[in-house]
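The structure under discussion appears below in the form of structure tokens.
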Amino acid sequence: MRLMGLDYGDKTIGVAVSDELGWTAQGLEVIRRTTEERDMARLRELIAQYGVTEIVVGLPKNMNNTIGPRGEICIAFSEQLHETLQLPVHLWDERLTTASARRTLLEADVSRKKRKQVIDKMAAALILQGYMDAQSNSKR
């Protein structure tokens, strides 16, 4: 059973997948958003290629735990994913994942240009890893 994590943004979708045992998340790619049809087609290809059975979408909440306009957009996207791809879709609180990804890349002394290319897939990996860690903790 493999999971896919998505960091859904205005211009890009960061994509990560779990290993087959569901223990670790790896950043996979950044999809440059064009049209809804092309974006969904690319996600469908990746789902087939990696045997994904469930999807986790980052939900950007405000620091006071409310959902703002960006969160509403992600909720609508997750509902569309579920309807289009017929897979379970889970929302996961993604507060501070992009900031955490940025900090990690800065600490690793990754160039600004390279950071821009990988930040979204790294954020997707952090979202997915957080979800998987919470699931394994709840099973203990």
Side-chain angles (χ1 to χ4, degrees):
M1 174 177 110
R2 272 195 152 158
L3 303 176
M4 174 180 277
L6 301 176
D7 181 33
Y8 184 72
D10 291 329
K11 297 178 183 176
T12 61
I13 303 171
V15 182
V17 293
S18 71
D19 65 323
E20 291 175 347
L21 297 174
W23 291 351
T24 61
Q26 297 87 32
L28 191 59
E29 72 175 66
V30 176
I31 298 170
R32 296 262 165 235
R33 293 187 52 206
T34 54
T35 66
E36 191 176 302
E37 294 77 25
R38 285 187 183 151
D39 298 346
M40 286 293 174
R42 182 61 186 143
L43 288 171
R44 192 176 277 117
E45 288 171 5
L46 292 170
I47 287 165
Q49 180 180 350
Y50 289 92
V52 169
T53 57
E54 296 181 38
I55 301 171
V56 178
V57 176
L59 177 62
K61 290 184 175 182
N62 297 320
M63 294 312 282
N64 65 0
N65 209 31
T66 60
I67 295 173
R70 185 80 221 145
E72 296 291 341
I73 290 168
C74 288
I75 290 169
F77 173 69
S78 69
E79 290 169 354
Q80 178 190 11
L81 270 176
H82 175 69
E83 289 173 21
T84 304
L85 303 173
Q86 296 297 303
L87 289 174
V89 178
H90 311 281
L91 290 165
W92 185 251
D93 185 352
E94 71 163 40
R95 279 179 284 191
L96 304 177
T97 55
T98 301
S100 177
R102 185 174 289 116
R103 189 171 42 256
T104 300
L105 292 168
L106 281 168
E107 288 170 2
D109 203 25
V110 176
S111 72
R112 180 184 301 260
K113 183 179 179 184
K114 183 72 173 165
R115 277 196 312 265
K116 220 174 168 184
Q117 293 170 353
V118 300
I119 192 122
D120 295 322
K121 71 178 174 183
M122 188 169 190
L126 290 170
I127 290 164
L128 182 55
Q129 191 67 54
Y131 175 83
M132 291 187 309
D133 290 349
Q135 297 308 302
S136 69
N137 287 338
S138 71
K139 291 176 184 173
R140 288 183 188 161

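Scope of the values below: all heavy atoms of this structure, side chains included, with no hydrogens, waters or symmetry mates.
Between Ser78 and Val57, the shortest heavy-atom contact is CB-CG2, 4.2 Å. In terms of heavy-atom proximity, Gly58 sits nearest to Pro60 at O-CD, 3.5 Å. Taking each heavy atom of Lys121 and Ala16 in turn, the nearest pair found is O-CB, 4.3 Å. Closest approach of Ala125 to Gly27, counting heavy atoms only: CB-N, 3.8 Å.
Ile31 and Ile55 fall within a single hydrophobic cluster, where Ile, Leu, Val, Met, Phe, Trp and Tyr side chains are chained together by heavy-atom contacts under 4.5 Å. With hydrophobic clusters built from ILVMFWY side chains whose heavy atoms lie under 4.5 angstrom apart, Leu46 does not share a cluster with Ile127. The hydrophobic cluster containing Ile119 does not contain Val15, counting ILVMFWY residues as joined when their side-chain heavy atoms lie under 4.5 angstrom apart, directly or transitively. Put simply, Leu3 and Val89 are part of two different groups of oily side chains (I, L, V, M, F, W, Y) that touch within less than 4.5 Å, one to the next. Leu128 and Ile75 fall into different hydrophobic clusters, where Ile, Leu, Val, Met, Phe, Trp and Tyr side chains are chained together by heavy-atom contacts under 4.5 Å.
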Quick one: do Glu54 and Val56 satisfy side chain to side chain contact (heavy atoms under 4.5 Å, CB included)? Show the steps, please.
CA-CA 7 Å; Glu54 296 181 38; Val56 178; 6.0 Å; no
Would Thr84 and Leu43 count as a side chain to side chain contact (heavy atoms under 4.5 Å, CB included) if you check the C-alpha gap in whole Å, the side-chain angles of each, and the deciding distance to 0.1 Å?
CA-CA 11 Å; Thr84 304; Leu43 288 171; over 6 Å; no
Under the side chain to side chain contact (heavy atoms under 4.5 Å, CB included) rule, what do Met40 and Thr35 come out as? Steps first, then yes or no, please.
CA-CA 9 Å; Met40 286 293 174; Thr35 66; over 6 Å; no
Run the numbers on Gln80 and Glu83 for side chain to side chain contact (heavy atoms under 4.5 Å, CB included), then give the verdict.
CA-CA 5 Å; Gln80 178 190 11; Glu83 289 173 21; 5.8 Å; no
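Ring geometry, Trp92 versus Tyr131: the interplanar angle exceeds 60°, so the pair is classed perpendicular (tilted spans 30 to 60°).
One finds the CZ atom of Phe77 at 4.5 Å from the CD1 atom of Ile13 (value rounded to the nearest 0.5 Å). Note: Ser136 OG to Leu21 CG = 12.5 Å, rounded to the nearest 0.5 Å. To the nearest 0.5 Å, atoms CD1 (Ile47) and CG (Leu81) are separated by 7.0 Å. One finds the CD atom of Gln26 at 4.0 Å from the OG1 atom of Thr24 (value rounded to the nearest 0.5 Å). To the nearest 0.5 angstrom, Leu91 atom CG is 9.0 Å from Lys61 atom NZ. Atoms CD1 and CG, from Ile73 and Leu59 in turn, are 11.5 Å apart once rounded to the nearest 0.5 Å.
Within 6.0 Å of CD on Gln49 lie more than 12 heavy atoms contributed by other residues, nucleotides or ligands.
His82 places a side-chain N or O within 3.5 Å of a backbone atom of Leu87 that can act as its donor or acceptor partner. A distance-only check finds no donor-acceptor pair linking the side chain of Thr53 to the backbone of Met1 [under 3.5 Å].
Asp10 and Arg33 are not joined by a salt bridge, as no carboxylate oxygen comes within less than 4.0 angstrom of a charged side-chain nitrogen.
With sequence neighbours excluded, the residues forming a side chain to side chain donor-acceptor pair (under 3.5 Å) with Thr66 are Asn62, Asn64, listed by chain and number. A search for side chain to side chain donor-acceptor pair (under 3.5 Å) contacts involving Asp133 returns Gln129, not counting sequence neighbours.
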